[in-house]
2 protein chains.
Amino acid sequence: MISGVNDEAVTSPPQQLARESDSNAFLLAQLGAHAAQRFAERIVKLDLTPPQAGLLRIVAAQPGQSQQMIAGQLGTPASRVVALVDGLQERGLVERRRNPEDRRNYALHLTGKGRQLLRRLGRLARQHDEAICAGLTEGEREQLHGLLARLAAAQGLPARVHPGYRAIAD
Amino acid sequence: MISGVNDEAVTSPPQQLARESDSNAFLLAQLGAHAAQRFAERIVKLDLTPPQAGLLRIVAAQPGQSQQMIAGQLGTPASRVVALVDGLQERGLVERRRNPEDRRNYALHLTGKGRQLLRRLGRLARQHDEAICAGLTEGEREQLHGLLARLAAAQGLPARVHPGYRAIAD
DNA sequence: TATTGTTATACTCTATAACTATA
DNA sequence: TATAGTTATAGAGTATAACAATA
């Protein structure tokens, strides 16, 4: 044994512990991980992962961006965007259009098939939200939404960026 | 080009998208990932990772459990608990006590040093909660807490299990 | 020389399965 | 033979950095 202080006399207070793991921050982390996990399970039937779904949403919301722009917006390395776009392009969901004026970069766009999948994704997302909010009345859901939106704003979280990506870290 | 449907006529509706990424489920996932990330950054000064902090809390709350019991409770493989306990034991925070009646298993306990660190961890957790709740009044925080606690209960989430562990998946 | 995209590599985290010891 | 713990191995996911093409 090294420097084992081992003073058994000190009683560890379980109430204190319960209070901590009952904090808003803890509940948010717990519920957030749960929601993300369930969403991931749900979109398996579309053969999508959360990062892929997030990328589809970004491209749909702001078509024509370069991969670098998207990488910057997402706070993720460009090499990761490459791999993601590769997979989606092979499946005909996204296309890279050459920019004739600067042939170094691509403009990313959804294909028709991509938009179709995005609509199915939207339906799943609404079902998911319904499942996560189970147990709350409509009024309570709106109340919760107001509080969460204010927290997100206070924390400076960007809209539309899925937590599967790290938001602008550092 | 393979089966590029490419019907430009279909206008992708940004409002629809905004609504989805504005759902309670999305905000929960986003805020939860943010809270978990910030907590991880905060406990770096204690040289702890979130899984380690979670294990310390579990051992403190229910001392004397075997590694298998903890693994089951956390829904994580026993081999992972081994590695976690190894690290904490080397630092003199946790001890494995042989059970004389069944010498196959260990009873896990915090050392005095472990309890001391846990108190520092508690202080950081309270600071963290304060930072995450910034922008809400005391009344709003209680309101939020009530809503989150009901959601967690409705989803069957166990108390005190940090999302760094996957809760009882499958 | 600077920038976009790409590829190669390595690292971290985690799960699965084989192994040891006690029962 | 069954169970607690351990070790070995492999896989997914991700970041870093070197590289190629274009400006």
Side-chain angles (χ1 to χ4, degrees), chain A residues 33 36-37 40-41 43-44 47-55 59 64-90 94-109 161-170, chain B residues 33 36-37 40-41 43-44 47-55 59 64-90 94-109 161-170:
Chain A
Q37 175 67 28
E41 290 166 8
I43 65 178
V44 162
D47 197 19
L48 288 177
T49 64
Q52 289 175 323
L55 185 56
V59 173
Q65 288 192 112
S66 72
Q67 298 183 172
Q68 293 271 355
M69 287 169 72
I70 290 181
Q73 188 176 341
L74 263 43
T76 195
S79 60
R80 196 180 165 197
V81 177
V82 172
L84 281 173
V85 173
D86 279 352
L88 296 176
Q89 188 180 35
E90 278 169 20
V94 161
E95 61 178 340
R96 291 174 160 111
R97 293 192 195 154
R98 271 290 179 209
N99 177 357
E101 300 182 355
D102 183 346
R103 301 186 14 170
R104 285 175 303 186
N105 63 39
Y106 290 110
L108 297 183
H109 292 270
V161 175
H162 190 282
Y165 302 104
R166 258 192 348 197
I168 314 162
D170 293 47
Chain B
Q37 176 67 27
E41 290 165 9
I43 64 177
V44 161
D47 197 19
L48 287 178
T49 63
Q52 288 175 323
L55 186 54
V59 173
Q65 288 194 111
S66 71
Q67 298 183 173
Q68 292 272 355
M69 286 169 71
I70 290 182
Q73 188 177 341
L74 263 44
T76 196
S79 61
R80 196 179 165 197
V81 176
V82 171
L84 281 173
V85 173
D86 279 352
L88 296 176
Q89 188 181 34
E90 278 169 21
V94 161
E95 60 178 340
R96 291 174 161 109
R97 295 192 195 153
R98 270 291 179 208
N99 177 356
E101 300 182 354
D102 183 345
R103 301 185 15 171
R104 284 174 303 185
N105 63 40
Y106 291 110
L108 296 183
H109 292 270
V161 175
H162 190 282
Y165 302 105
R166 259 192 347 194
I168 313 163
D170 293 48

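In this text the structure is predicted, and so the values were computed from the model without any measurement. Letters go in sequence order (proteins before strands), and every chain restarts at 1.
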Rounded distance (Å) that lies between atom [atom2] of [N] and atom [atom1] of [X]:
{"X": "A:Arg103", "N": "D:dA20", "atom1": "CZ", "atom2": "P", "value": "19 Å"}
{"X": "A:Glu101", "N": "C:dT4", "atom1": "CD", "atom2": "C1'", "value": "16 Å"}
{"X": "A:Arg80", "N": "D:dA12", "atom1": "CZ", "atom2": "C1'", "value": "12 Å"}
{"X": "A:Arg97", "N": "C:dG5", "atom1": "CZ", "atom2": "P", "value": "15 Å"}
{"X": "A:Leu55", "N": "D:dG13", "atom1": "CG", "atom2": "P", "value": "15 Å"}
{"X": "A:Glu90", "N": "C:dT6", "atom1": "CD", "atom2": "P", "value": "12 Å"}

(message) I need a per-nucleotide contact map over nucleotides 2-8 of chain D, read 5' to 3'. Cutoff is protein heavy atoms under 4.0 Å; write B for the base, S for backbone only, - otherwise.
(response) BBBBBB-
Write down the atom of [X], the atom of [Y], and the distance for their closest heavy-atom approach.
{"X": "A:Ile43", "Y": "A:Pro50", "answer": "CD1-N, 3.7 Å"}
{"X": "B:Arg96", "Y": "B:Gln67", "answer": "NE-OE1, 2.9 Å"}
{"X": "A:Gly64", "Y": "A:Ala107", "answer": "O-CB, 3.4 Å"}

(request) Measure the CD-NE2 distance between B:Gln65 and B:His109 for me, rounded to the nearest 0.5 Å. (result) 10.0 Å
(request) Evaluate the side-chain proximity of B:Gln52 to B:Leu88: yes if any heavy-atom separation is below 4.5 Å, no if none is. (result) yes
(request) Determine whether the side chains of A:Tyr106 and A:Arg97 contain a donor N or O and an acceptor N or O closer than 3.5 Å. (result) no
